[in-house]
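Here is how names work: the chains are called A, B, and so on, in the same order as the sequence lines, proteins then strands, and each is numbered from 1. Hydrogens, waters and symmetry mates play no part in the numbers below; they use all other heavy atoms, side chains included.
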Amino acid sequence: MTDTLQTPEEFLPLTPAVFNILLALADGEKHGYGIMLDVEANTKGRVLMGPGTLYGSIKRMLQADLIEESDERVDPETDDPRRRAYYRLTGLGRRILRMEAERLASQVQIAKTKNILATDFSGGAT
Amino acid sequence: MISQRAGLPIVAFSVRVYQALLVAYPTKFQQEYGSQMVQVFQDCCLRTVRQGGTNGIVRLWTVTLLDLIQSVVSEHAQKEIEMKKEMKPEDIQIAGWALMLGAVAFVIGLLLQIMGGPNYWMVGGVLVIFLGMPLLVLGLLGVRNRYGEKVGGFGKNILLTGSILGPLTSFIGFFTMSVDPHFIIPYVGPAVLLACLALFGIVALYKKPLPRWNGVPIIAGV
């Protein structure tokens with residue numbers, strides 16, 4: 001996910017970590033811990049991302065211009081006085097996220113046509 | 001880096017241990033993200049203690065250690081890829097010249113020792129060998145960077161072993177050379193390094209990583 005990847009299609013498929021981080025940032029900027037909590041909530045605790053994986057992915061996503069650092073400030077929701085770096089999606093990041101979501105949706109559609117999933121699929125296979 | 005919130009001894013201790021473990025990451029990564037990672041880990045510790053008491057800390061550490069091992073390996077691999085991209089043909093040429101000059105310095109140093117003569121010849125010989133050592137290391141690392149991928153794990157690791165073991169042996173030898181049976185140790189350093197180059201040369205004969213003259217590394221090593 002560096003300068004060798006030119007077109008948006010070449011980013012796909014995304015790794016689970018990158019997809020989940022992009023998804024966490026889809027509804028607004030967040031700091032590292034906020035992203036971690038969001039990923040945990042979105043995946044119902046199935047994806048537990050440690051600080052190493054989180055910041056390793058953030059580093060590569062910054063390099064690939066999928067996300068950008070918005071600013072550094074104190075989180076008003078915690079009593080921690082330290083400043084935190086906030087990250088947000090770039091235009092490219094949002095586009096890649098949409099493309100990956102569409103790709104996954106089409107995979108799910110195929111699974112449905114092959115009767116792997118119930119047609120009224122709502123989170124669990126029957 | 002650790003705030004007052006980490007007042008709980010178990011949290012403060014965990015954060016300090018985690019902070020110490022961050023040295024395993026490449027320096028640049030550590031400098032850029034180390035403090036943020038510690039902050040996130042501290043938040044995780046506090047939440048775990050709030051939710052599950054101190055027992056939860058054991059589970060958090062298990063997850064964190066696995067994450068640490070995996071991401072350390074990944075970051076070092078990434079660093080190596082970046083280094084390779086940054087290495088220009090001129091750098092490889094410089095590494096090649098450094099290797100040759102280092103080898104010449106080693107031979108001159110040895111000749112000065114063998115020929116005997118005044119004391120300053122002997123001292124000069126040791127000095128020449130010591131000055132040649134960084135050149136040999138630079139050369140070996142250059143060869144590893146350029147051709148490491150093509151020769152597989154053994155070829156790659158033997159060059160790294162030589163780059164570490166060679167200078168280390170000479171360094172130890174420098175402090176023990178006044179003791180009679182140990183005077184030889186400083187010369188063993190470059191010899192170890194060049195032996196590793198020769199071993200790489202054997203692998204190079206089979207795998208042929210160079211566009212031509214694949215016999216050169218073994219000749220240079222020997």
Heavy-atom pair of closest approach, residues [X] and [Y]:
X: B:Y18; Y: A:P51; value: OH-CB, 3.3 Å
X: A:G52; Y: B:S71; value: CA-OG, 3.4 Å
X: A:R83; Y: B:Q39; value: O-NE2, 3.6 Å
X: B:V40; Y: A:Y33; value: CG2-N, 3.7 Å

Over 12 non-hydrogen atoms of neighbours within 6.0 angstrom of CD in A:Q107
yes
More than 12 foreign heavy atoms under 6.0 Å from CZ of A:R103: is that the case here?
yes
Residue of the set B:E32, B:E75, B:Q36 for which side chain to side chain contact (heavy atoms under 4.5 Å, CB included) holds with A:Y55:
B:Q36
Output the distance between atom [atom1] ([X]) and atom [atom2] ([Y]), rounded to the nearest 0.5 Å.
X: A:R84; Y: B:D43; atom1: CZ; atom2: CG; answer: 4.0 Å
X: A:M36; Y: B:R47; atom1: CE; atom2: CZ; answer: 8.0 Å
X: A:K59; Y: B:S74; atom1: NZ; atom2: OG; answer: 7.5 Å

Evaluation steps, side-chain contact (heavy atoms from CB on, under 4.5 Å), between B:R59 and A:L48:
CA-CA 12 Å; B:R59 186 170 172 265; A:L48 295 173; 3.7 Å; yes
Atom group of A:L62 that falls short of 4.5 Å from chain B, counting heavy atoms
side chain
If you tally heavy-atom pairs under 4.5 Å against chain B, which of A:G32, A:A85, A:G50 wins?
A:G50
